[in-house]
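What follows is one structure encoded as structure tokens, with my remarks underneath.
Atom set for the values below is all heavy atoms of this structure, side chains included, hydrogens, waters and symmetry mates excluded.
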Amino acid sequence: MALKRIEPGKRMSSAVIHGNKVYLAGFTPDKALGRSVAEQTKDVLTQIDATLKEAGTDKTKVIKANIWLTDITTFAEMNSVWDAWVVPGQTPARATVEAALAAPGIDVEIMVEAALD
């Protein structure tokens, strides 16, 4: 079964399609770098939406999500954005943990896996 890579780079691809699933890389803020966790979460979810669309799917097909926060006390702030983004009844399995992230100003990273139609 062939792999299809979306935005392959030297170190990683934005996503990899294999069979009937798409595996996204961990997305971090782009335009909202250094801003509030809510703004960073919106930025990351916008990037995820675009990548899922490019792969041929959408957030209603997300199977699993992993979320990393630099400060777990921002959990409610992140969830306020997440809860507005997910579709009721279509929520994925999810884990959220506190972790040091790649660079200062990155306070949220989200990685998802989704089914393809």
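The number of heavy-atom neighbours closer than 6.0 Å to NZ of Lys59, taken from other residues, nucleotides and ligands shown, is above 12. The number of heavy atoms from other shown groups lying within 6.0 Å of CZ (Arg5) does not exceed 12.
With rounding to the nearest 0.5 Å, the separation of CG in Leu69 from CG in Leu101 is 8.0 Å. To the nearest 0.5 angstrom, Thr57 atom OG1 is 6.0 Å from Leu52 atom CG. Here CD of Gln40 is found 9.0 Å from OG1 of Thr74. Values are rounded to the nearest 0.5 Å. From Thr28, atom OG1 reaches atom CD1 of Ile106 across 4.5 Å, with rounding to the nearest 0.5 Å. Here the CZ-CD1 distance, from Phe27 to Ile67, works out to 14.0 Å after rounding to the nearest 0.5 Å.
The backbone N or O of Asp117 lies less than 3.5 Å from no partner atom in the side chain of Lys61, so there is not a single donor-acceptor pair. Using a distance-only test at 3.5 Å, with no hydrogens or angles considered, no donor-acceptor pair links the side chain of Glu113 to the main chain of Ile63. Judged by distance alone, the side chain of Gln90 and the main-chain N or O of Val87 form no donor-acceptor pair under 3.5 Å. Under the 3.5 Å distance criterion, the side-chain polar atoms of Asp43 are left unmatched by any main-chain donor or acceptor of Pro29.
A donor and an acceptor atom, one from each side chain of Thr51 and Glu54, are nowhere located under 3.5 Å apart. Under the 3.5 Å distance criterion, with hydrogens and angles disregarded, a donor-acceptor pair is assigned to the side chains of Ser14 and Glu7.
The hydrophobic clustering, which links ILVMFWY residues whose side-chain heavy atoms are closer than 4.5 Å, places Val86 and Val22 together. Put simply, Phe75 and Trp68 are part of two different groups of oily side chains (I, L, V, M, F, W, Y) that touch within less than 4.5 Å, one to the next. Taking hydrophobic clusters as Ile, Leu, Val, Met, Phe, Trp and Tyr residues chained together by side-chain heavy-atom distances below 4.5 Å, Val37 shares a cluster with Trp85. Under a hydrophobic-cluster definition in which Ile, Leu, Val, Met, Phe, Trp and Tyr are linked whenever side-chain heavy atoms come within less than 4.5 Å, directly or via other members, Tyr23 and Leu116 are assigned to different clusters. Under the 4.5 Å side-chain heavy-atom criterion for Ile, Leu, Val, Met, Phe, Trp and Tyr, Val112 and Met12 are members of distinct hydrophobic clusters.
Scanning all heavy atoms of the two residues, the minimum distance from Gly105 to Leu33 falls at O-CD1, 3.5 Å. Across all their heavy atoms, Ser13 and Pro8 have their closest contact at OG-CA, 3.4 Å.
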Please step through side chain to side chain contact (heavy atoms under 4.5 Å, CB included) for the pair Glu98 and Asp71, ending with a clear verdict.
CA-CA 6 Å; Glu98 181 178 74; Asp71 182 354; 3.9 Å; yes
Under the criterion side chain to side chain contact (heavy atoms under 4.5 Å, CB included), I'd like the reasoning laid out for Thr96 against Met78: C-alpha separation, chi angles, the key distance, then a yes or no.
CA-CA 10 Å; Thr96 305; Met78 179 277 301; 4.0 Å; yes
Using side-chain hydrogen bond (donor to acceptor under 3.5 Å, both in side chains), reason through Glu77 and Ser80 one step at a time and then give a plain yes or no.
CA-CA 5 Å; Glu77 182 180 355; Ser80 69; over 6 Å; no
Side chain to side chain contact (heavy atoms under 4.5 Å, CB included) between Gln47 and Asp30, worked out:
CA-CA 9 Å; Gln47 293 175 65; Asp30 180 26; 3.8 Å; yes
For Leu45 and Ile110, run side chain to side chain contact (heavy atoms under 4.5 Å, CB included): C-alpha distance rounded to whole Å, both residues' side-chain angles, the deciding distance at 0.1 Å, then the answer.
CA-CA 8 Å; Leu45 293 174; Ile110 302 175; 4.0 Å; yes
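Taking 4.5 Å as the limit, every side-chain heavy atom of Asp58 sits out of range of all side-chain heavy atoms of Asp49. Counting heavy atoms from C-beta on, the side chains of Leu3 and Ile17 never come closer than 4.5 Å.
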